[in-house]
Amino acid sequence: MYRNKVKKLIKWKLNKNKKPLIFLGARQVGKTWLVQEFGKTEYRQMVYVNFEDKEAPKDLFVEDFNIDRIITLLNAFSSLKITAEDTLIVFDEIQAAPQGITALKYFYEKAPQYQIIAAGSLLGISMHPNESFPVGKVEFLTLYPLSFVEFLLAMGESGLVELIEKRDWELVNSFNSKLINHLRYYFYVGGMPEAVLHFSQNRDWQQVRKIQKDILDSYKNDFSKHAPKEILPRINMVWETVPTQLAKENKKFIYGTIKEGARAKDFELAIQWLVDSGLLHKVYSVSKPALPLIAYQEISAFKLYHNDTGLLGAMSKLNAKTLIDGNAVFTEFKGALTEQFVFQQLKLQEDLSIHYFPFDNSKFEVDFVIQNAEDEVIPVEVKAGENLRARSFKLFCEKFRPKTAVRTSLSDYRQESWMTNVPLYVVGGYF
């Protein structure tokens, strides 16, 4: 299964001044598999330690941070002779090793010749207690669920991916029906690797849903394991209400949807915990679509998106039968899955700053306003159905006259005088 992040891993390897790499991501997005594949294909040998295994030397860093001692013990544990130039050392689930995160600082300062990747879930690493975080001594890389392009590759559709990457719009448009069909599959399956792998091999909808439910159950178990007990009930309440929040016509997060009379101070810690864990993502409103967007960010107004379209569908109990009902899957509960999909693809573009913009006293709203690497502010309108009329988008473009405006929908790619219609299935790589 191809993951695009392997390019970043190879770039890290080739950097002569590399730092230990912390490979982050929510649970079950494929971090362990990708790091192991990278180690097997790019290095002569790999020393792999999963600190959640019973046999793992969990106290490896407790005595001191003497690198010679640590390497000697790793040699014994792995039955290998570590050579700095061609051995990859992987510390998986490093949050389970006391002082493991702190130890990365000493590898960087005392023995930078060793090539270290530390993998772990955001649940553990970002909230790791009683440790000095090695600020400035490590690099970071975050893995998300599979993109739609990665999903196509897993489905054996490398030809379609080539067309998308070449931006041959005439040919892409000629495969519109086939691409929309795969898009339907992706809306149901999502990008969690286990679900994608099983679906690519078996086309078993029920088993995919079972895998997704198991992942959701494991997340809730992690809540109990990692979350402060005093906010655990509120974390669960926020988590369960995400489909409801996104099903509203106005998808701005409303505290009263969780519980009547609820206020920000009651749930802001629970929300932030879920965001820090990588399971939910906040997209803030801006008061003005101008550079830099973050300067106009409205902290009190935001939307919450899930980490995966398929998991959101599982939480919403989306039935596989919806997939065969025309384009109903795209409009299901007010287009929530479609907007989630677009956010998920945009999020993979790390140089984008993603916000949304309500205007004229919130009578109108542009779904996303993004700032790209060239410091261009681009409005993005998401259309889930066949009706492409969007009064708010038209008004925005007339008022602010953006250089580039994008509507994404099921329709073919086409350039108009005031905006570009970009098919949903290419939106991830368009910006």
Side-chain angles (χ1 to χ4, degrees), residues 142 238 242 245-257 263-265 267-268 271-272 274-276 280-306 334-336 338-384 387-409 415-422 424 427-431:
T142 303
V238 171
V242 170
Q245 297 282 356
L246 286 174
K248 297 189 280 77
E249 195 70 48
N250 178 353
K251 294 174 175 57
K252 172 186 173 184
F253 189 87
I254 304 296
Y255 290 95
T257 304
R263 294 174 292 179
K265 69 176 185 178
F267 287 94
E268 58 188 1
I271 291 171
Q272 195 57 48
L274 286 163
V275 169
D276 288 342
L280 296 181
H281 300 276
K282 260 184 181 180
V283 171
Y284 289 102
S285 166
V286 288
S287 58
K288 184 179 179 180
L291 292 170
L293 285 177
I294 195 169
Y296 301 96
Q297 188 169 277
E298 299 281 340
I299 299 296
S300 62
F302 59 90
K303 300 178 184 179
L304 278 183
Y305 291 97
H306 209 285
K334 296 183 173 64
T338 305
E339 194 168 318
Q340 166 69 37
F341 168 81
V342 173
F343 167 76
Q344 198 169 327
Q345 307 311 302
L346 293 176
K347 182 68 177 175
L348 293 167
Q349 312 303 313
E350 296 172 349
D351 56 356
L352 298 182
S353 176
I354 307 171
H355 297 77
Y356 74 98
F357 180 62
F359 59 105
D360 285 1
N361 295 318
S362 297
K363 287 191 296 183
F364 305 106
E365 180 183 297
V366 175
D367 297 315
F368 297 105
V369 178
I370 62 175
Q371 178 183 333
N372 64 15
E374 288 74 40
D375 280 344
E376 185 180 6
V377 174
I378 304 172
V380 180
E381 178 77 3
V382 179
K383 298 303 292 182
N387 182 358
L388 300 183
R389 289 182 298 173
R391 187 183 176 197
S392 58
F393 191 50
K394 186 77 170 178
L395 287 172
F396 176 94
C397 292
E398 289 173 351
K399 182 174 183 179
F400 296 101
R401 299 193 175 278
K403 179 182 176 182
T404 303
V406 171
R407 179 182 66 203
T408 183
S409 70
Q415 182 75 54
E416 298 186 16
S417 60
W418 61 283
M419 66 91 190
T420 303
N421 188 84
V422 176
L424 283 166
V427 70
Y430 184 77
F431 298 97

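All residue numbers refer to positions in the sequence shown, counting from 1.
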Query - Heavy-atom side-chain proximity of Y284 to L293 below 4.5 angstrom - result: no

Report task. Any chance you could measure H355, atom NE2, to I294, atom CD1, to the nearest 0.5 Å? Result -> 6.0 Å

Requested in this report: Show your working on side chain to side chain contact (heavy atoms under 4.5 Å, CB included) between K282 and Q272 and close with a plain yes or no.
Outcome: CA-CA 9 Å; K282 260 184 181 180; Q272 195 57 48; 3.8 Å; yes

Query raised in the report: Can you find a heavy atom in the side chain of H281 that is under 4.5 Å from one in the side chain of Q344?
Result: no

Query - I370 side, atom CD1; Q349 side, atom CD - distance, nearest 0.5 Å - result: 9.0 Å

Requested in this report: Calculate, to the nearest 0.5 Å, the distance between atoms NE2 and CG belonging to H306 and L280 respectively.
Outcome: 6.5 Å

Report summary line: Nearest heavy-atom contact between S287 and E298 is CB-OE2, 3.0 Å

Report task. Locate the shortest heavy-atom distance separating N421 from S409; write the atom from each residue and the value. Result -> OD1-OG, 3.0 Å

Query - Value rounded to 0.5 Å, distance of CG in D360 from NZ in K399 - result: 4.5 Å

Query raised in the report: Side chains of V342 and D367: does their closest heavy-atom pair fall under 4.5 Å?
Result: no

Query raised in the report: When rounded to the nearest 0.5 angstrom, what distance separates CG in N372 from CG in L346?
Result: 11.5 Å

**Report entry** K303 NZ/CZ over Y356 ring centroid, <6.0 Å and within 45° of normal
**Finding:** yes

Query raised in the report: Hey, does V242 have a side-chain heavy atom less than 4.5 Å from the side chain of L274?
Result: no

Requested in this report: Would you please test V382 and F343 for side chain to side chain contact (heavy atoms under 4.5 Å, CB included) and show each step?
Outcome: CA-CA 10 Å; V382 179; F343 167 76; over 6 Å; no

Query raised in the report: Step by step, would you call V369 with V377 a side chain to side chain contact (heavy atoms under 4.5 Å, CB included)?
Result: CA-CA 7 Å; V369 178; V377 174; 3.4 Å; yes

Report task. Begin with the C-alpha distance, continue with both residues' side-chain angles, and end with the deciding distance and a verdict on side chain to side chain contact (heavy atoms under 4.5 Å, CB included) for F393 and W418. Result -> CA-CA 11 Å; F393 191 50; W418 61 283; 3.8 Å; yes

Report task. Give me the one residue out of E339, Q340, K347, K251 that meets side chain to side chain donor-acceptor pair (under 3.5 Å) with Y305. Result -> E339

Query raised in the report: Which pair of non-hydrogen atoms, one from I271 and one from F302, has the smallest distance, and what is that distance?
Result: CD1-CZ, 4.1 Å

Requested in this report: Would you please test F431 and F368 for ring pair (Phe, Tyr, Trp, His ring centres under 6.0 Å) and show each step?
Outcome: CA-CA 13 Å; F431 298 97; F368 297 105; 9.8 Å; no

Query raised in the report: Would you say the side chain of F359 lies within less than 4.5 Å of the side chain of F396, judging by non-hydrogen atoms?
Result: yes

Requested in this report: Starting at OG1 of T408, measure out to OH of Y430 and round the result to the nearest 0.5 Å.
Outcome: 10.5 Å

Requested in this report: Grab the two heavy atoms, one from P379 and one from T404, that are nearest each other, plus how far apart they are.
Outcome: CD-O, 3.2 Å

Query raised in the report: Can you find a heavy atom in the side chain of S392 that is under 4.5 Å from one in the side chain of E381?
Result: yes

Query raised in the report: If you count the non-hydrogen atoms of other residues, nucleotides and ligands that lie under 6.0 Å from CD in E249, is the total more than 12?
Result: no

Query raised in the report: Would you say Q245 and F253 make side-chain contact, with heavy atoms under 4.5 Å?
Result: yes

Report task. Check the surroundings of atom CG in L291: do more than 12 heavy atoms from other residues, nucleotides or ligands lie under 6.0 Å from it? Result -> yes

Report summary line: Applying salt bridge (charged side-chain N to carboxylate O under 4.0 Å, His left out) to K252 and not counting sequence neighbours gives none

